[in-house]
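To start, the structure under review is shown below, and the notes come after it.
The figures here come from the full heavy-atom set of this structure, side chains too, leaving out hydrogens, waters and symmetry mates. Lettering of chains follows the sequences in order, A, B, ..., and the numbering in each one begins at 1. Note that this is a predicted model, so its numbers are computed, not measured.
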Amino acid sequence: MVSDNTSTPPSPELPHELRRDITVWGSYMWGYADVGADIYAALGLVIAAAQGAASLAFAAAGIVYIMIGFAYTELAATYPVAGGGHYFALRGLGDFWGFTTGVALLLDYTIDIALFAVASAGYVNFFLPYFGIEPSHFVFMLGSLKINYLWLSESFAFILFLIWLNIIGIKESSLFNELIGAFDISIESSVIVFGFLFAWKPEYLIQQWQTSFPTLHQFMYGSSLGIISFVGLESISQAAQETKRPATIIPRTSVTLIFTVFIFATAFSTLSLGVLPWQTFAQHIGDPIATLAHAIPYIGLFAGPITALLGATILLISANSGVMSASRLTYSMSEFGLITKWFDKVSPKYRTPVRTIVVFSVIGIVEMLLSFLTPQAMDTLGNMYAFGATLGYLIVFVALIRLRFSDPYTPRPYKMPLNLKIHYKDRIVDFPVLGILGFLGVGMVLFEVILTHKIGRIAGPAWVVLGIVYYIYFRKKNNMPVTKSIERNWEAHQMDVLISAEEFDLAEEYRIALKERDEKLKKHEQIKTDR
Amino acid sequence: MVSDNTSTPPSPELPHELRRDITVWGSYMWGYADVGADIYAALGLVIAAAQGAASLAFAAAGIVYIMIGFAYTELAATYPVAGGGHYFALRGLGDFWGFTTGVALLLDYTIDIALFAVASAGYVNFFLPYFGIEPSHFVFMLGSLKINYLWLSESFAFILFLIWLNIIGIKESSLFNELIGAFDISIESSVIVFGFLFAWKPEYLIQQWQTSFPTLHQFMYGSSLGIISFVGLESISQAAQETKRPATIIPRTSVTLIFTVFIFATAFSTLSLGVLPWQTFAQHIGDPIATLAHAIPYIGLFAGPITALLGATILLISANSGVMSASRLTYSMSEFGLITKWFDKVSPKYRTPVRTIVVFSVIGIVEMLLSFLTPQAMDTLGNMYAFGATLGYLIVFVALIRLRFSDPYTPRPYKMPLNLKIHYKDRIVDFPVLGILGFLGVGMVLFEVILTHKIGRIAGPAWVVLGIVYYIYFRKKNNMPVTKSIERNWEAHQMDVLISAEEFDLAEEYRIALKERDEKLKKHEQIKTDR
Amino acid sequence: MIHSTLGVIIAVFFLISIISLLWWMLHVPPIIPQVAARAHREVEALKNLLIPTQGMAYSERGVELACRLGMEQNATLIFAYVIEVPRTLPLNAEMGNEDKVAQEAISHAEQLAALHKMKNKSLIVRSRSAGEEIVKLAREQEADVIVMGIRQHIGLKENILGRTSDIVLRKAPCEVIIDKLPGEEET
Amino acid sequence: MIHSTLGVIIAVFFLISIISLLWWMLHVPPIIPQVAARAHREVEALKNLLIPTQGMAYSERGVELACRLGMEQNATLIFAYVIEVPRTLPLNAEMGNEDKVAQEAISHAEQLAALHKMKNKSLIVRSRSAGEEIVKLAREQEADVIVMGIRQHIGLKENILGRTSDIVLRKAPCEVIIDKLPGEEET
């Protein structure tokens with residue numbers, strides 16, 4: 001590589017920036033960590049709802065998901081900074097929408113931490129009896145409520161571990177993901193390959209398709225649940241500012257993630273229905289992969305420990321993804337003056353945003369405690385999860401379309417396919433047809449979530465409204481505009497971003513595009529003054 | 001098109017050249033005319049031999065055929081002149097092999113004229129009863145032989161018509177092919193489409209495949225017969241010197257012909273075995289398409305007249321292809337001093353080689369008379385047909401390989417796929433792997449022909465030997481070398497050919513390649529003299 | 001115990017697609033250094049190429065050069081044939097077959113542009129000085145670069161370039177590319 | 001009465017393949033006129049491109065230009081940095097950081113060549129006169145064309161090109177392409 005002699009020195013005016021330490025595999029794994037656990041959770045639910053047509057439901061959800069994926073790929077490659085959806089909305093739609101998207105996504109990441117740390121600890125408990133510890137003994141009563149304090153402390157310990165891991169460095173935290181993720185992918189692939197080779201009966205699949213085809217309502221419900229298994233692409237964007245050469249690498253990791261997850265989801269559902277009746281999965285909603293693995297020859301023998309290990313690890317890195325993403329999201333929001341400046345601080349020693357890591361992980365711990373104290377809390381969190389993600393994605397689609405018009409000069413190394421060339425203010429703009437379709441698709445899912453999730457439709461909006469109340473108070477207090485945006489020099493900012501990302505080719509493209517625009521403007525003004 | 005103002009004026013030193021009047025569609029149709037009739041003849045034979053695996057036999061033969069096709073495509077695009085295989089052998093292997101190839105192919109073209117004119121008249125007889133004429137009444141006895149003099153005179157009239165048509169101009173003769181060919185392709189396509197839509201039962205095909213799979217010997221025999229249906233690509237090369245922009249057009253028409261014929265052959269055989277048992281075709285070897293069409297709903301009603309019309313017309317243009325090709329082949333042989341110069345004459349009025357058209361069509365008439373007089377003659381001719389084609393193709397493969405070494409400078413706008421780069425005399429030569437495979441494939445077929453065709457293995461070689469005897473006599477008489485070749489300025493000739501074909505880009509490529517070679521040679525000599 | 005060939009096919013297909021996806025992902029194209037990026041992008045920014053032509057082999061070399069230069073960014077080629085009218089004649093004087101020669105030169109250039117499938121427009125203008133006119137055209141047409149093929153002036157010791165190219169080089173408001181063929185042979 | 005969906009699929013597939021084959025066959029690419037063919041092929045014949053570089057923005061423009069010119073025929077780029085040694089010094093004298101500058105200029109050129117995936121080799125030579133040395137290198141390396149990016153010499157009235165390019169233009173045994181950037185801004 002010839003890059004070494006041309007790498008930029010660290011800018012002196014920003015001494016404590018995030019460090020670019022994430023490689024291609026790391027970037028991919030931040031996304032996979034998030035998504036991998038989601039499939040784990042969603043497979044049973046979708047099969048229970050969509051029955052014989054589960055594969056079709058996954059494929060249908062996959063289409064909406066692929067559009068979301070393309071949108072994120074375009075935006076993350078164009079704006080390779082931390083912040084993800086919140087940053088895109090900020091650039092495209094201004095401060096208020098940037099904040100709204102951020103607060104919706106923040107909901108998801110804190111839930112990630114709470115839910116998946118608890119679930120991971122649950123799988124760990126599988127192994128304790130082998131060491132002579134019976135987890136069900138460690139219970140005390142709180143009023144009428146049985147609380148397993150072993151499980152609670154395990155979950156608590158996990159989150160503390162993740163906080164420590166994320167503080168000491170993105171490299172360490174990423175490495176943790178990379179190793180465990182590689183292991184999990186291999187195990188999941190083995191289950192699929194062994195399943196198709198030794199247990200899969202196509203006639204069985206066809207029979208279930210023919211005898212247990214769902215009603216349209218069941219099918220739509222199933223495919224809206226399928227979307228859950230696809231949430232998680234965001235994390236790749238959250239890590240963008242710490243990724244090496246993000247504008248080159250992020251499109252690759254995103255596209256790969258989109259398709260691997262799509263392939264895994266359809267393969268798992270097709271395999272499941274060719275091995276066991278859908279009713280079996282409906283009875284074991286909580287642990288579909290273990291149910292499936294038990295029915296496959298050879299690996300069926302190890303199914304118990306393997307799937308428990310798989311579950312424990314994949315859910316742990318998913319919680320890790322939540323810690324990282326929540327901290328980078330709030331770091332970015334603070335940097336752009338959407339929340340208090342106190343969070344905009346990078347540890348000089350570890351080059352990580354220690355304050356946001358700690359604060360928002362603690363919010364995750366609070367959510368976790370709630371889920372142990374009130375049995376409905378788990379359900380509530382799950383419902384809010386779907387609400388936060390779909391609201392965030394919806395705004396991102398609007399931002400994508402808007403940015404095509406308002407910021408045509410920033411080079412887009414990757415563009416969503418299917419564009420219409422339209423004239424707009426003397427320029428030709430690529431209007432993203434798939435952006436509109438994606439907006440409608442996500443909109444439908446959001447509509448369905450509000451319609452069917454009884455708790456989510458109250459609690460989700462309540463969180464967002466609470467956030468907005470804080471936003472108004474914060475902006476008023478600091479004499480900043482509430483409905484309008486702060487003036488920012490996006491062009492200089494964008495150029496800095498590209499240079500610091502070592503994307504020199506894009507930086508040159510941007511420089512020349514801006515120069516051409518300026519020359520055009522100058523000429524226009526000259527014609528005006530000449531009159 | 002900008003070509004008009006740059007077209008070359010006719011060269012003054014060669015006032016009576018062939019006229020470039022054949023378009024893309026015309027070029028394709030010269031090939032299709034020849035091949036179309038061959039499928040007609042071979043389908044029944046192949047099904048009778050290969051039974052349930054007829055489609056596979058066609059596909060196997062098709063593989064050898066595709067290699068022949070690629071070889072012809074390369075050579076015809078590189079050397080866009082009349083003469084086909086004979087010219088390629090002349091360029092690559094010298095005068096003797098040029099003559100041998102020519103005489104082998106000439107056998108085929110004269111047989112084309114005789115066989116297909118007679119067969120075409122046979123189909124015409126189908127319609128005569130509707131006009132109150134009963135063909136079987138027009139019979140007289142010659143010893144113990146029944147001769148149908150109506151049929152004989154019809155065949156005779158057809159050949160006379162074709163002679164006239166080919167004399168008045170290649171444009172007229174080509175137009176005749178183009179119209180009839182377009183009609184025939186449409187009819188054949190309709191039979192296939194209707195058949196697959198309304199009569200084809202895949203389970204029936206599978207059942208025949210399983211219950212009537214041939215023995216290896218039967219299969220090989222069937223696939224060697226399949227080759228017959230693929231003979232005919234040569235005609236495109238024979239018409240090259242009268243084709244507009246041959247180096248551009250001939251690769252296209254050849255490749256299209258290769259694949260359309262391949263598709264037709266596999267489609268017909270797959271359709272046939274999904275509609276009727278193979279035994280039915282074995283019983284109606286002479287008219288497979290009519291047998292098939294009768295079994296298809298809707299078009300079955302018109303099957304009789306339609307297939308008779310199809311047969312009559314497709315066989316007639318096939319005979320036309322024979323007349324054209326035989327005359328151009330001999331014209332070229334005469335031009336290069338392989339046979340008497342008397343044939344190297346173009347009619348100033350019509351710009352066609354009148355002498356060769358008449359003489360070699362008359363040879364066709366003689367063969368036709370023989371086939372009416374001796375019942376075995378028809379069989380003998382059929383056997384010789386396979387011998388002539390395979391011998392010619394075998395030599396062409398050798399010439400192709402040789403020319404890659406001996407003439408690397410002539411630009412090849414199309415090259416056979418799969419080449420190995422090897423060093424040879426300071427140069428890098430693309431060694432054609434597929435050429436070797438093709439040589440082996442055709443060699444196997446020739447071996448099989450000699451082994452199985454009892455009459456062909458005597459009569460075929462006899463014709464070739466007779467030809468060689470004439471060649472030795474002719475060359476001795478004119479004081480020309482017999483075993484060696486006449487000195488010719490191939491480079492100037494090639495340049496003339498390219499310019500007159502309006503292939504300026506190739507001409508420039510050739511000029512520069514020769515210039516570079518000359519400079520290299522000069523430098524080498526300088527180094528030698530410097531020593 | 002394998003249950004179905006379809007299962008084997010799916011398993012193989014699954015493995016191949018996952019592995020090839022990851023393989024593709026991990027093979028990131030190399031970094032483009034800043035210097036290379038700048039030179040490349042600046043040439044990419046050349047959108048209007050002015051090509052004065054005389055219809056000679058050396059002019060056509062200039063046209064081909066311009067095609068190569070502009071192909072990647074789909075630039076517009078502006079062909080210009082300047083008919084130099086001597087000062088002794090009025091500017092719109094009959095000039096023998098000069099107009100026909102100009103037409104032909106332009107049509108050759110257009111053929112080359114068509115070969116490369118490039119946008120182009122053509123101008124035939126009359127002027128007292130070809131050099132001055134080319135500079136003027138470059139300004140009017142907002143040319144980013146002038147590309148000229150020129151001839152070897154044998155014996156011209158003090159100025160190797162010839163009058164026209166000298167003026168263009170001195171006064172052009174934009175980049176100028178001069179392509180000089182060696183003198184030995186003129187086809 | 002349709003018997004099987006497979007039959008319908010085969011029928012449709014058959015029709016599509018036959019029609020698309022014929023469609024492809026009938027759409028012949030347009031004829032290439034002789035003039036266009038000649039200019040195109042002659043540029044295609046340029047296999048060795050000699051590019052003298054100084055490591056300045058204008059030299060890199062020359063490198064990019066050479067890349068564009070040689071890409072289609074996969075030509076070889078020969079980069080040459082000539083260190084001019086004054087006559088007062090011995091030819092192999094220590095020249096401050098000249099060697100380092102040369103190395104850097106060559107490495108920039110190589111990066112550009114790598115961006116275009118082109119074969120290249122590099123030469124660093126010392127000479128009394130850069131112009132004479134370039135001409136000599138062109139002869140030694142059998143260059144088909146010399147491509148040079150040059151600078152605006154402000155105030156140099158009598159010779160717009162500068163000493164080196166003037167010598168190269170006069171004495172080169174091959175085609176010479178000069179790319180002169182406008183004088184206003186030097187990045």
Side-chain angles (χ1 to χ4, degrees), chain C residues 30-44 55 57-65 67-72 104 107-116 145-147 149 152 157-161 165-166 168-170 172-182 184 187, chain D residues 30-44 55 57-65 67-72 104 107-116 145-147 149 152 157-161 165-166 168-170 172-182 184 187:
Chain C
I31 205 166
I32 297 171
Q34 192 156 19
V35 190
R38 175 153 299 183
H40 180 69
R41 288 291 176 189
E42 286 202 335
V43 171
E44 196 106 280
Y58 54 81
S59 316
E60 262 127 36
R61 181 65 70 100
V63 177
E64 172 73 21
L65 182 58
C67 286
R68 300 253 176 153
L69 195 60
M71 201 143 47
E72 215 168 297
E104 201 171 315
S107 105
H108 283 180
E110 282 169 352
Q111 283 166 11
L112 259 168
L115 177 62
H116 292 271
V145 57
I146 301 173
V147 184
Q152 178 84 332
K157 277 290 164 219
E158 48 324 344
N159 194 338
I160 186 86
L161 286 173
S165 6
D166 193 69
V168 171
L169 268 178
R170 276 174 204 278
C174 59
E175 184 172 347
V176 179
I177 296 177
I178 298 278
D179 184 349
K180 190 190 123 302
L181 286 178
E184 14 168 16
T187 331
Chain D
I31 205 166
I32 298 172
Q34 191 157 19
V35 190
R38 175 153 299 182
H40 180 67
R41 289 291 177 189
E42 287 203 333
V43 171
E44 195 105 284
Y58 54 81
S59 316
E60 263 127 35
R61 181 66 68 100
V63 177
E64 172 73 21
L65 181 58
C67 287
R68 300 253 176 152
L69 195 60
M71 200 142 50
E72 216 168 296
E104 200 170 318
S107 106
H108 284 180
E110 281 169 352
Q111 283 166 9
L112 259 168
L115 177 61
H116 293 270
V145 56
I146 301 173
V147 184
Q152 178 82 334
K157 278 289 165 219
E158 41 332 338
N159 194 338
I160 186 88
L161 286 172
S165 7
D166 193 68
V168 171
L169 268 178
R170 277 174 205 278
C174 59
E175 185 172 345
V176 179
I177 296 176
I178 299 278
D179 184 351
K180 189 190 125 299
L181 285 177
E184 15 168 16
T187 331

With sequence neighbours excluded, residues passing salt bridge (Lys or Arg N to Asp or Glu O under 4.0 Å) with C:Glu110: none
Engaged part of D:Leu69 at the chain C interface, taking heavy atoms whose separation is under 4.5 Å: both
C:Glu64/D:Arg38 ion pair, N-O < 4.0 Å: no
Set of salt bridge (Lys or Arg N to Asp or Glu O under 4.0 Å) partners for D:Glu104, sequence neighbours left out: none
Side chain / backbone / both / neither for D:Glu60 at chain C, heavy atoms under 4.5 Å: both
Side-chain heavy-atom pair D:His116, C:His40 within 4.5 angstrom cut-off: yes
Shortest non-hydrogen contact between D:Leu112 and C:Ala39, atoms and distance: CD1-CB, 3.6 Å
From CA spacing to verdict: side-chain contact (heavy atoms from CB on, under 4.5 Å), C:Met71, D:Met71: CA-CA 12 Å; C:Met71 201 143 47; D:Met71 200 142 50; over 6 Å; no
Rounded distance (nearest 0.5 Å) linking atom OG of C:Ser165 with atom CG of D:Leu169: 9.5 Å
Pairwise distance CG(D:Leu65) to CD(C:Glu175) - rounded to 0.5 angstrom: 8.0 Å
CZ on C:Arg68 to CD on D:Glu72, rounded to 0.5 Å: 4.0 Å
Nearest-0.5 Å distance, CD1 of residue C:Ile177 to CG of residue D:Leu181: 9.0 Å
